[in-house]
**Q** 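To start, I am sharing the structure in question, which I have written as structure tokens.
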Amino acid sequence: MLTQEELATCIESRRDRLTRMAMSMLDDAAEAEDVVQDAALSAIRSSSTFRHTADVCTWFQRICLNACYEALRRRKSAAALEQSLRLERLWRDPDYTVDPERVVVGLEDSQRVRNALASLTPEQRAAVVLHDLNGFKAREIADGTGVALPTVKSHLRRGRQALVSLLAGEER
Amino acid sequence: MKELTCGEARDMASDLIDGELRPEDAARLQAHIESCPTCPRLYRALVAVTAELTRRGSIAAD
């Protein structure tokens, strides 16, 4: 049986790291804090369902990851989807290419990187932010979000491709 | 060995960056990149984006 003390210790030891993860996914400090707080309350409420075969901190992390993912998905945007489809077509065009030096210059501008990340579809943003910025493995993202592993990899691939095009500034 | 299209090669590039491509597929991708006029620049840009995001993530975690 998981004690409230064990869970509270885990929540507090992970809170800063998970809030940073939520912030990088949601790009909104207040919402990130709310999501982690709600995840903590959810973990406390459902602690009786915790099985000791899993690590309690990993279990709490998964609850947070899922809460962030759901918060991001609620922001579905028609513009992001339209952009995603346009860029996907572009990457299938054998004549399409970019100047990698322009991408490197774009990467030096933090605001441009944030804007580019913000314009991805929620699923692509979650995959890129969790995998590349937060160091999660694709399998961990799949387990935490309930999305199939090949789908997570596809979102990661499309998200990275979109970032290249957006930072190259050569969309057409 | 069947040659890759640009679309296939570009999709496989992400897995190569993550070290998740089977050796035979990595060899096919390498062969495509060596002969394609457009994909090498996209591949270099993908590597740069992934490396920079990973670098920023490591800094934030410190």
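Just so we're on the same page: letters track the sequence lines, and every chain starts at 1.
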**Q** At a heavy-atom distance under 4.5 Å, which candidate from G135(A), G106(A), S110(A) has the highest pair count against chain B?
**A** S110(A)
**Q** Would you mind telling me which of N134(A), V103(A), D132(A) has the largest number of heavy-atom pairs within less than 4.5 Å of chain B?
**A**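 That would be D132(A).
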**Q** Check the surroundings of atom CD in E5(A): do more than 12 heavy atoms from other residues, nucleotides or ligands lie under 6.0 Å from it?
**A** no
**Q** If every non-hydrogen atom of T38(B) is compared with every non-hydrogen atom of Y96(A), which pair is closest and at what distance?
**A**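 For T38(B) versus Y96(A), the nearest heavy atoms are CB-O, 3.6 Å.
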**Q** Under a single-linkage definition using a 4.5 Å side-chain heavy-atom cutoff for Ile, Leu, Val, Met, Phe, Trp and Tyr, are V104(A) and L117(A) assigned to the same hydrophobic cluster?
**A**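 Unlinked, V104(A) and L117(A) end up in two clusters.
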**Q** Show the nearest heavy-atom pair for residues D15(B) and K153(A), with the distance to one decimal.
**A**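 D15(B) and K153(A) have their closest heavy atoms at OD1-CD, 4.3 Å.
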**Q** Do L120(A) and M23(A) belong together in a cluster built from hydrophobic side chains that touch within less than 4.5 Å?
**A** no
**Q** Between H131(A) and D18(B), is any pair of side-chain heavy atoms under 4.5 Å apart?
**A** yes
**Q** Membership question, hydrophobic clusters at under 4.5 Å side-chain separation (ILVMFWY): are L163(A) and L87(A) in the same one?
**A**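 Linked within one cluster.
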**Q** Atom CD of E52(B) and atom CG of L133(A): how far apart are they, to the nearest 0.5 Å?
**A**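 E52(B) CD to L133(A) CG: 9.5 Å, rounded to 0.5 Å.
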**Q** Grab the two heavy atoms, one from D11(B) and one from R157(A), that are nearest each other, plus how far apart they are.
**A** O-CD, 2.8 Å
**Q** Could you state whether L72(A) and F136(A) fall into the same hydrophobic cluster, counting links through intermediate Ile, Leu, Val, Met, Phe, Trp or Tyr residues with side-chain heavy atoms under 4.5 angstrom apart?
**A**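 Linked within one cluster.
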**Q** Against chain B, label E101(A) side chain, backbone, both or neither, depending on which of its atoms sit under 4.5 Å from a heavy atom there.
**A** neither
**Q** Closer than 3.5 angstrom, by distance alone: can the side chain of R41(B) be matched with the main-chain N or O of P100(A) as a donor-acceptor pair?
**A**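 Absent.
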**Q** Tell me, side chain or backbone of S154(A) under 4.5 Å from chain B's heavy atoms, or both, or neither?
**A**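 Contact with chain B: none, neither part.
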**Q** Is there a path from L65(A) to I44(A) through hydrophobic residues (I, L, V, M, F, W, Y) whose side chains come within less than 4.5 Å of each other?
**A**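 L65(A) clusters together with I44(A).
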**Q** Does the side chain of V49(B) reach to within under 4.5 Å of the side chain of V128(A), using non-hydrogen atoms?
**A**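 No; the side chains remain at least 4.5 Å from each other.
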**Q** Between R56(B) and L107(A), what is the shortest heavy-atom contact and its length?
**A**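 The pair with the smallest heavy-atom distance is NH2-O, 2.6 Å.
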**Q** Side chain, backbone, both or neither: which part of V113(A) has a non-hydrogen atom closer than 4.5 Å to chain B?
**A** side chain
**Q** Checking P94(A) now: which residues fulfil side chain to side chain contact (heavy atoms under 4.5 Å, CB included) with it, not counting sequence neighbours?
**A**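 Partners of P94(A) under the side chain to side chain contact (heavy atoms under 4.5 Å, CB included) test: C6(B).
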**Q** Which residue, V47(B), T50(B), L53(B), forms the side chain to side chain contact (heavy atoms under 4.5 Å, CB included) with R160(A)?
**A** T50(B)
**Q** Between chain A and each of R10(B), E20(B), E8(B), count heavy-atom pairs under 4.5 Å; write down the option with the most.
**A** R10(B)
